[in-house]
Structure formats: C-alpha cells, structure tokens
Amino acid sequence: MVGNDNWINSYLDAILDAGKSAVGGDRPSLLLRERGHFSPARYFVEEVITGYDETDLYKTWLRANAMRSPQERNTRLENMTWRIWNLARKKKELEKEEACRLLKRHPETEKTRIDATADMSEDLFEGEKGEDAGDPSVAYGDSTTGVSPKTSSVDKLYIVLISLHGLVRGENMELGRDSDTGGQVKYVVEFAKALSSSPGVYRVDLLTRQILAPNFDRSYGEPAEMLVSTTFKNSKQEKGENSGGYIIRIPFGPRDMYLTKERLWPFIQEFVDGALSHIVRMSKTIGEEIGCGHPVWPAVIHGHYASAGIAATLLSGALNLPMAFTGHFLGKDKLEGLLKQGRQSREEINMTYKIMRRIEAEELSLDASEIVIASTRQEIEEQWNLYDGFEVILARKLRARVKRGANCYGRYMPRMVIIPPGVEFGHIIHDFDIDGEEENHGPASEDPPIWSQIMRFFTNPRKPMILAVARPYPEKNITTLVKAFGECRPLRELANLTLIMGNREAISKMHNTSASVLTSVLTLIDEYDLYGQVAYPKHHKHSEVPDIYRLATRTKGAFVNVAYFEQFGVTLIEAAMNGLPVIATKNGAPVEIHQVLNNGLLVDPHDQNAIADALYKLLSEKQLWSRCRENGLKNIHQFSWPEHCKNHLSRILTLGMRSPAVGSEEERSKAPISGRKHIIVISVDSVNKENLVRIIRNAIEAAHTENTPASTGFVLSTSLTISEICSLLVSVGMHPAGFDAFICNSGSSIYYPSYSGNTPSNSKVTHVIDRNHQSHIEYRWGGEGLRKYLVKWATSVVERKGRIERQMIFEDSEHSSTYCLAFKVVNPNHLPPLKELRKLMRIQSLRCNALYNHSATRLSVTPIHASRSQAIRYLFVRWGIELPNIVVMVGESGDSDYEELLGGLHRTIILKGDFNIAANRIHTVRRYPLQDVVALDSSNIIEVQGCTTEDIKSALRQIGVPTQ
C-alpha cells in the first residue's frame, strides 16, 4: 500500500480540522504552537487515543511502530484510523439519541414539578415570599449557623456510620490501591475518629465489609478494630465516659472475594441483616453500661455513598431510627458526565457501573433521610436538583410552610445541610527562613524518607515544586496539567512538577482506565522531554502525605487540583493546613473553599493556558505567594474536625426522637412466636388461591414433628387484607390460629391471632393488630393528601381506542387500610410502569412505596418503610427471632416486592413448577435487572421442583429445619 502514510496524514489532518470546528474556536493547536507544524502521529497518540480512553489502540500503535515492514505498518495504521472514525461516529450517534430522549422527557417532568409547586404557592404570606427568597436555610433546609437543638446538650450518644466499599482500616490506609479506596475511605475513618472523641459522644461504629480474600492484609478480616483518635487531645473525656470509635466489619457476599462497589449491590440485604444484629446487640450492651439496663439506640444512622444509603434506609426503617445521608459522588452527575463523553450508550454505562441501581438507591435515600449532608451549595443546586426526589423551589416552599405550621398535604422534603469537609490537623507550618528551613522548632530533624524518593527525579531539586495528589483517572485531568507544564517554557524553567498518583506495581497490571492515564502521562513527559523536571513516585504511605505537602511548602511551591469537577476538595484543605497556596478548579467545592480560605487562584480546568499562567503568577510573585499562604493558615480552623463534628452533632440533636419497639421479657414470654426455634414465612404470590392453600397445607405437614411440635411456627405474608386471609382459610377448613402472625397489605399491617379458651378449636378467634409496628412505618406517610393525589392521578391513566378513553385504575376502598391505599387495575396489559409512578410521587414530594400485586390486578401504595421484607426484620427486633432461623417460601415470581424477599440472612425456598402463574408485566418493567439486586447463586437460596409435602421436606432438610 504505497503512499499510505500520506493518506493517513491527510485523514488525521481532516480529523483535526473537524475537531477544531466542533469546538468552535480558532485557537491554534497546542501541538502547532509547540513545534510550528502538525505531527499526525503525535496528535494521534496524545489527543485521539487518550481522548477515547482506548488502551488497546495505543498498544496497536506501539506494535505498528515496531514493525520493520512498511506495508504491515501502513496496513495496521489504516485499520486504526478506521477504528477512530467509527468511535467518532458512535459518539455523535449517542449524543443525538440522548438529546432526543431528554427533549421528550423534559416537558413532562417540568409540568409535574410546576403542578407540585403550584399546590404549595397559594397561601404563602407576602412577607414570607420576600424573606425566603435569598435565605439558603429556607431554600434547602439549614445552613451550619444559627442552629437551636431541641436539647440543651449532647448526652452520651451512640452513632452509626456506614461505608461499604473499599479497603477500610484505621491506620496505614492503602489509599489509591484501587478505585474504591480513596478520599471517601479516608474521610469516613477520620470522621469516625474525630466524632468518637467529641464531647458527649459515647460510641461511634463505622460499619463496613469484612474482607477475607487472599492477597489482602489480614487486618481487613478482623471483625472489630478500635480507632485511635488524635483529635481533641486536650479535651478528651475522662476514662469510662467514652467507649471510643470502632470499625465493625460485617461479613456479606462471597467470603473469599474482594468486590468493587459495582458488584456489592446483590448483597446489600445480607449486610443489613448482619448490621441489624450488631446494632441490637450493641445497644443492649451500651444500655447495661450507661443506660440503667435500658437499650441505648443510635441517635442517627448515617449512610455514606449510594450503597450505604440504601443500607441505612433499610436499617432506619427496621429500627425506627433517624437517618442521615452523604452522597459523596452522585450517580446522576456521573451518568451525565459519561453521556457527554459519548463513548458509551446509557445501556452500556448501566452494564458497567450499575448506574440505574445506584441512582435508585440515592432516590430511596432522599425518601428516607431526615437530613442530607452536602459539602457545598453547588452540590445541592446543580447535583441534587437533578433528582426526582429533590427540587430547590419546592423545598423552599415546604420549609416555609413547616416553619409556620401550614398544611403540606402529605409532602415532605429532607433538609439539605451544608457542612464543609473536615481534616485532621497535625503540625501546622508557620514560618520559613530564606532557605526554606522551618523556624522556632528546635534542632533540625532528619528529612523524611519520601523526600529523597521525590527529589531523586529532579535535576535541580531547589526549584519550587508544583504538587498534584490525585488518582490516575480521566476526570482528575492530570494530562492537561502535564501539557500546561510542558508547553510553558517559563514555567518549566521556574518550577518542578510532582505527581502523586496513588500506589502501583506495574502499569500492565492496572485497570485499563488508570493504565491509560498513566501511559498518557509518561508519553507526554517523553514528548516534552521533561526528564529531571517531573517526579512520579510509584509508592508512598498514607502517613507520608503530610510530609509531601511540607516538601512542597519548603520549596515555596504550590498545590494544584484541576479536576473537571471536585466534589469535596479535602486535598485543598490539607494543602492550606501545611501552608501551601493552591491553584484549583473552578468547578465544585473549591469555589466555596476559596471563599473561606482565599489562599490561591481558581482556573477553568479545560483551559490549559489559564492553568499555566496561574501557576506561573503564583510562583513568580513572592508577595502573592506569601499572602495566600498566610490567608490559608489564618482561616484553616474553619475546616477542622472539631468544627466539622460540632456541625454534625448540632444537626443530630434536631432530629426526631424515635426508637424501636422491642418486646419486653414478659411480652415475649406470652407470645408463641417468640419461643419458636424456626419460623416459616409463606410468601407465595405466583399461584392461584387453590394452589396457595395446597402449599400452606403441605408446608405445615412437612414441618410438623411429633417430638417438638412447637419448635416451628408459621407466618403468612401476602398482599391480602386480614379479612381476605381469614375468609380463604376458613373456606377450606383451616384454622387461622395455626399461624403465629399474618403480614398483610404488602407489609403495612401485622396481625396476631388471639382466642379465649383452652384450645384454639373451641374458641372464637380474633386478630389483634400490632400497633407498635404501625409506629415503625408511619414515618412520612402522606395520608389523606396522598390519597387525594392518587385518586386524581388514577383518572389520568386511560386506555385509548380511537376516540374512546377508558379509565384503567380505580380506588379500591374495600381493600384499603390506614397505611395501605389500594387501587383496582382493570387491564394489567396497559399497566403504567411502576418506575414512572414512583418518579411522579417523588416529584410531588410524596414519600411512599408503590407496588403491583394480585397478578397486576391491584396497586398498593404504602409508607416508605412498609414492606414484607421489612416486616420480617421487625419480627426479629420485636420478638428476638434470629434471622438465619427464618425460612421464606416464594414462587418463581410474585408481586413487585418479590426481589426483596430473596436477599438477606434468612433462608429462601423457591418453589418451581407449572403451578406458578406465568410471569406478568410486573417484572418486565424493572428499572434494573434482577441479578443487580439479588445474588441468585447464594447458598441461602434453594430451588425445589414442585410443591408437594416431600418436595418441601427435602428443601427444609437442606437448610437444617427438622421434619418428620
């Protein structure tokens, strides 16, 4: 293929021209400015391959360059060029599809939001309208000032934090070992340490996953680890008044595997059950120590990140305790960023990141949280405002109504609280002599080892050091920083550059994304010939990070963070704490951090020239450098852990006082369910009533033993009402008193049979509702306001045939109850997707749980904490029934809450066979696949073919339940 080089060069020239016109700027290429001419090869490596994050393309490029045969080389290059063209075309197609989708949905969403806010507008006082307009505490919930707690002082609080992913330990954290072990891990560990040392806090538990996988340190497998705090050394409470902080590792998921955060979702319910047992046990222990024998329950359950948010939601519901949530990096924001890149479709993104499951978990966290912690106003206005469950204008109006006691019509919005991140203050640097030596600290000590590991890279180590601390991810924008440094000759002559990009062994063994970024960085260093001017050490300890900041300060350098978006900005605070001025991205938390510290300059992370100019200005103007350093040291106390914890505790004290309903010893002694060794919960929805009765009879017969007839109890769990259950059982000659409990109305009611006389056979049976359970589930229930809105919505669900419209959903008062609103579905084939109904309710700020049942012929709407799976956890809390001793029997499919019944520490028996009704449309409209939320290969799940007595006996024997 003679002349192929010219063809490829021309083609790449065309790509460059197209790219420049797409951006809309006439600014000459950085490559042209540097060399005076265009190099297609260099453009390909630096811009095209790096831009598409295609590591395999780069490897192909290397192999092509290594080939001696011009023909083979040209053939490979031509193939690569076509691949690039296909990538570019795919990106444009995805952008077009996404734009069409958003254009279609935007008017529908906006109309719903307008309707919701209109209901809240009509009776705002004129004075409130003007007063609230600029008040962020009304717009979101609360700021961090002017809080009046309900109690006068903190009094021996027990606090639970949850963070599930990454490698979590108290000392020598392996930050950067993988993508999950980074800033969040560091934050939650240091937060737990500081919070446990705060005045009035008795104990803090940080719950995470126990990891017993090979190639990981044994410390990650320890069930408990006490945290040693370095905060509040001078105000530490007397021994005995503070139990301290602990990392509690709960086993869930495969015992011998380390799982990334995307792979944790199917095991969340297993974690919840393990955490529930720990909290109940620990609350009783603390009660014995300081509560005069009464359990001391957590003042709050605080989830960090989406997976921990859904765990905290389930725990707060099971225990009737307040919940707080910190999102850290939100799923919708990540999804928007990935879609803008155009490399993957929405379906491909979901496959890789389980993004829809993550977003739904964040929506559920909004439903259940009393407070949501954000680090900046931007996080609230631009990120949380993307969610169905939060809207700034509606939040402002609801808060205004709450303040003056007006009716909110069943609507609720969690309080958004802005609390800046905290850092642990160590040795704060104040003054330097002309050589950079610290003053007034006695004899000079030996330099930290990490200094020599960095200095060995530099030809002239005395130049000011530009420091960047970031993991090698595309969003951290490290390559743009290297380009800015490499293409600005005055900056190269003035300073050195140090890149702390986590810890690594070999690039070839790293994740593709990280390997691609590192490869690009090394390529740029080679292209710009930056050897002797850039340091990129492979290893560093977490404890050495302060020393790295100190080295940059000693050389009178600067810290730089030019991420495309920075959520927290803790590294900026750490830099300021060490007297190091900063250059930071103008997107995200750095804007508000800069408003407080005023210790540097903000830049557009996309503007390479602006980054270089800001760095040069800060390092070359000594008065500016000194002023920024002094400002940072003067104002840094506002980001201290004591201040951070004080703000958190002031919020906790404003939360509603709730607690679980634990049965007393006397109550448990009188309840038959409390004395059972095993409980069989029958939750088979995918059969007709005749087969349901047959399964009940066979299950009772299979579990009956002559030696221990009372060891196994039975609970019927269903969407039926209590009257429907009783009518069904009586009609086939079964006695309702044979059951220990009935979970009715899709988990919104629990009844216990009660009878007078010596035996059930000669007594009149009545059913007593569990009022304590109702107190557990009534949280944020919309009541009559919710009912009125649903009735109005039902009239809009119609089936159209020509000009004729037929209403499909009607209110069903007969099957409704206090905490379950029932609606009849006329034609299940025209059922609106459940996710659309949930979206509608959230936009209206109506917090509820909607599900289809009865083979999609009935719609039930219940409180957010009411479900059949949560009812099982309630039985554990109320009556002390151990969850591993509970067996749940289900069919091959079921109601909308079917998936929730499969996960957890209880055992599940799936009855398979042709007696199951064919799966209906309920399960064809899921927002995410079943395997994203349930580990179907779990050892706790057993499948059996058939539902005869012998079939059920066989399954019960496998899980250790005694049979005849």
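Hydrogens, waters and symmetry mates play no part in the numbers below; they use all other heavy atoms, side chains included.
At a threshold of 4.0 Å, the pair Glu724-Arg858 counts as salt-bridged, since one of the basic side-chain nitrogens sits closer than that to a carboxylate oxygen. In this structure, Glu778 does not pair ionically with Arg658, as no charged nitrogen and carboxylate oxygen lie closer than 4.0 Å. The pair Asp685-Arg868 counts as a salt bridge, with a side-chain nitrogen and a carboxylate oxygen less than 4.0 angstrom apart. In summary, Arg697 and Glu701 do not engage in a salt bridge, as defined by a charged side-chain N under 4.0 Å from a carboxylate O. Residues Arg357 and Glu360 are not paired through a salt bridge, judged by the lack of any N-O separation under 4.0 Å between the basic side chain and the carboxylate. Taking the charged nitrogens against the carboxylate oxygens, Glu363 and Lys839 have no contact shorter than 4.0 Å, which rules out a salt bridge.
Ser775 and Asn772 share no side-chain donor-acceptor pair at under 3.5 Å. Counted by atom type alone, Asn853 and Ser860 present one or more donor-acceptor pairs between their side chains at under 3.5 Å. For the residue pair Thr721 / Ser723, a side-chain donor-acceptor distance below 3.5 Å is found, with atom types taken as modelled.
Not counting sequence neighbours, the partners of Tyr752 by the ring-ring contact (aromatic ring centres under 6.0 Å, His included) test are Trp879.
Asn320 places a side-chain N or O within 3.5 Å of a backbone atom of Ser659 that can act as its donor or acceptor partner. Although no hydrogens or angles enter the test, the distance criterion places a donor-acceptor pair under 3.5 Å between the side chain of Asp273 and the main chain of Leu905.
Using a 30° and 60° split on the angle between ring planes, His865 and Tyr779 fall in the parallel class, below 30°.
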(request) Please test Lys284 against Glu288 for salt bridge (Lys or Arg N to Asp or Glu O under 4.0 Å), starting from the C-alpha separation and ending with a verdict. (result) CA-CA 6 Å; Lys284 292 178 180 178; Glu288 294 296 328; over 6 Å; no

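Ring centroids of Phe325 and His302 are separated by 6.0 Å or more, keeping the two rings apart.
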